[in-house]
Amino acid sequence: MKTVVSGIRPTGKLHLGNYFGALANFRKMQHEHSCYFFIADYHSLTTHPTPNDLHGNVKQALVEFLAAGIDHEIATIYVQSDVPQVTELYLLLNMNAYMGELERVTTFKEKARKQPENINAGLLTYPTLMAADIIIHKAHMVPVGKDQEQHLELTRTFARRFNRMYNHEFFPEPVAYNFGNNLVKIPGLDGTGKMGKSEGEGNAIFLADEPEVIRKRVMRAVTDAGPTQPNQEKPEPVQNLFLLMKAVSDKETLDYFEDQYNHCTIRYGDLKKKLAEDIIRFTEPFRNRIRELSADDVYLRKVLKAGREKASESAAKTIREVREIIGFTEF
Ligand code: TYM
């Protein structure tokens with residue numbers, strides 16, 4: 001049995017990218033491995049949320065993980081800040097994490113460009129904290145989306161560096177995992193890049209969105225004037241709609257619209273209508289569960305208490321061993 005760890009930053013509602021990138025894989029893996037899923041609330045401090053927002057976002061993330069099928073009786077679900085051993089490992093890893101390698105991380109460079117007024121040290125060392133999250137449980141596999149690939153590469157570097165430095169095969173080198181397939185990148189609706197919470201209004205579809213909102217967003221998605229030659233390559237915005245369809249619709253539907261595109265008979269309005277209805281059908285069970293769970297604080301507290309205990313036990317064991325390896329031993 002392998003150990004699996006994954007997490008999500010609590011910065012608002014979860015979108016379809018989060019679901020297909022991380023949650024869906026975790027949901028499958030939880031039945032076969034020893035699994036930890038956590039809410040990365042320390043990570044979310046890089047954007048300076050108010051205490052009220054932070055608290056609300058953590059609750060929302062928890063509700064949505066559970067609604068997305070993460071089972072607290074099988075997997076360990078916890079809040080990162082409930083397991084402070086993570087921060088000790090983060091500090092220790094930072095001693096061997098170099099400015100050069102941290103400054104080269106694409107997500108750091110992007111964030112620094114987007115928020116030049118707030119390039120804090122937490123942003124720079126984000127990958128060290130993420131590595132600590134993962135190796136604190138000595139994880140082997142990390143179900144994540146494509147955007148996390150570089151972070152996982154650094155996690156392996158840090159794990160390997162520690163092992164070499166102390167001449168001890170202690171941490172496994174964890175890999176990003178999607179059942180042997182390529183990691184996914186779910187596109188947004190605005191014609192470029194990926195679905196993301198900070199990509200602007202209209203880009204993302206959230207698991208909790210009401211049908212009317214989903215219809216409106218999909219109908220407004222960017223397309224082009226339509227194909228003029230049979231079998232021509234699709235421009236990015238159109239390709240994005242097909243990728244979304246591939247995620248939520250059945251094969252027959254996808255083949256039908258591919259065929260229409262290739263014969264230049266496609267009507268994007270029809271494709272969007274069908275896509276919106278399929279997203280609504282796909283997200284329906286989440287919406288219902290989210291509503292039920294949000295009202296059940298007693299249950300949520302129980303889940304977090306059990307998660308805190310299980311995650312702390314595993315993290316405390318790793319930290320005890322790490323301290324010994326480093327030389328923090330008793331006189
Ligand atoms: P975050 O909160 O940005 O995203 C959570 C998960 O959702 C995936 N994801 C996507 N996958 C496919 N297509 C998309 N458009 C898309 N958008 C988001 C992300 O790849 C991720 O798996 N650094 C992490 C949180 C984290 C973490 C960890 C993850 C902290 N420590 C340890 C794994 C292990 C993050 O910011 O994800």
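In this text, all values refer to a predicted model and were calculated from it rather than measured experimentally. Whatever order the structure lists ligands and atoms in, that order sets their numbers, starting from 1.
- A salt bridge does not link Glu73 with Lys302: none of the charged nitrogens is closer than 4.0 Å to a carboxylate oxygen.
- The residues Glu173 and Arg160 are annotated as salt-bridged, a charged nitrogen and a carboxylate oxygen being separated by less than 4.0 angstrom.
- Counting only distance, with no hydrogens or angles, the side chain of Lys310 and the backbone of Thr76 share no donor-acceptor pair below 3.5 Å.
- Close approach of ligand 1 to Gly21 (heavy-atom distance below 4.0 Å) involves ligand atoms 11 (N), 12 (C).
- Not one N or O of Val144 is nearer than 3.5 Å to an N or O of ligand 1, by distance alone.
- Protein heavy atom in closest approach to atom 19 (C) of ligand 1: Asp147 OD1, 3.3 Å.
- Against a heavy-atom cut-off of under 4.0 Å, Gly145 is close to the following atoms of ligand 1: 11 (N), 19 (C), 20 (O), 22 (O).
- Ligand 1 has at least one atom lying under 4.0 Å from a heavy atom of Ser6.
- Salt bridge absent: Arg104 and Glu101 never bring a charged side-chain N and a carboxylate O closer than 4.0 Å.
- For atom 6 (C) of ligand 1, the choice among Asn18, Leu23, Thr155 with the nearest heavy atom turns out to be Asn18.
- Judged by distance alone, with hydrogens and angles left aside, the side-chain atoms of Asp209 form a donor-acceptor pair with the main-chain N or O of Phe206 at under 3.5 Å.
- Below 4.0 Å from some heavy atom of Gly7 lie the following atoms of ligand 1, by number and element: 25 (C), 26 (C), 27 (C), 29 (C), 33 (C), 34 (C).
- Every atom of ligand 1 is numbered from 1 in the order shown, and the set under 4.0 Å from a heavy atom of Ile134 is 32 (C), 34 (C).
- Thr283 contributes no side-chain N or O that, together with a main-chain N or O of Phe286, makes up a donor-acceptor pair within less than 3.5 Å.
- Closest to atom 1 (P) of ligand 1, if we only count protein heavy atoms, is Arg9 NH2, 3.7 Å.
- The distance from ligand 1 to the heavy atoms of Lys185 drops below 4.0 Å at these ligand atoms: 12 (C), 13 (N).
- For Arg308 (side chain) and Val83 (main-chain N/O), no donor-acceptor pair under 3.5 Å exists by modelled atom type.
- Remark: minimum distance from atom 13 (N) of ligand 1 to any protein heavy atom is reached at Ile186 N, 2.7 Å.
- Less than 4.0 angstrom separates some heavy atom of Ala22 from each of these atoms of ligand 1: 6 (C), 22 (O).
- Looking only at heavy atoms of the protein, atom 23 (N) of ligand 1 is closest to Tyr126 OH, 2.8 Å.
- For atom 37 (O) of ligand 1, the candidate residues are His151, Lys194, Gln148, Lys197; the nearest heavy-atom contact is made by Gln148.
- Of all the heavy atoms of Phe20, none lies under 4.0 Å from any atom of ligand 1, so neither backbone nor side chain is involved.
- Using a 4.0 Å cut-off between charged nitrogen and carboxylate oxygen, Lys109 and Glu103 do not count as a salt-bridge pair.
- The backbone N or O of Gln260 sits less than 3.5 Å from a side-chain atom of Thr265, completing a donor-acceptor pair.
- Residue Tyr19 places every heavy atom at 4.0 Å or more from ligand 1.
- With hydrogens and angles disregarded, no donor-acceptor distance shorter than 3.5 Å links the side chain of Ser6 to the backbone of Phe37.
- Under a 4.0 angstrom heavy-atom cut-off, His15 registers as being in contact with ligand 1.
- Looking only at distances, no side-chain donor or acceptor of His15 sits under 3.5 Å from a matching main-chain atom of Ala204.
- Heavy atoms of Asp133 found under 4.0 angstrom from ligand 1 belong exclusively to the side chain.
- The part of Val142 lying near ligand 1 is the side chain, judged by heavy-atom distances below 4.0 Å.
- Looking at atom 10 (C) of ligand 1, its nearest protein heavy atom turns out to be Gly17 O, 3.3 Å.
- Of all the heavy atoms in Ala276 and Ile214, the pair that sits closest is O-CG2, 4.0 Å.
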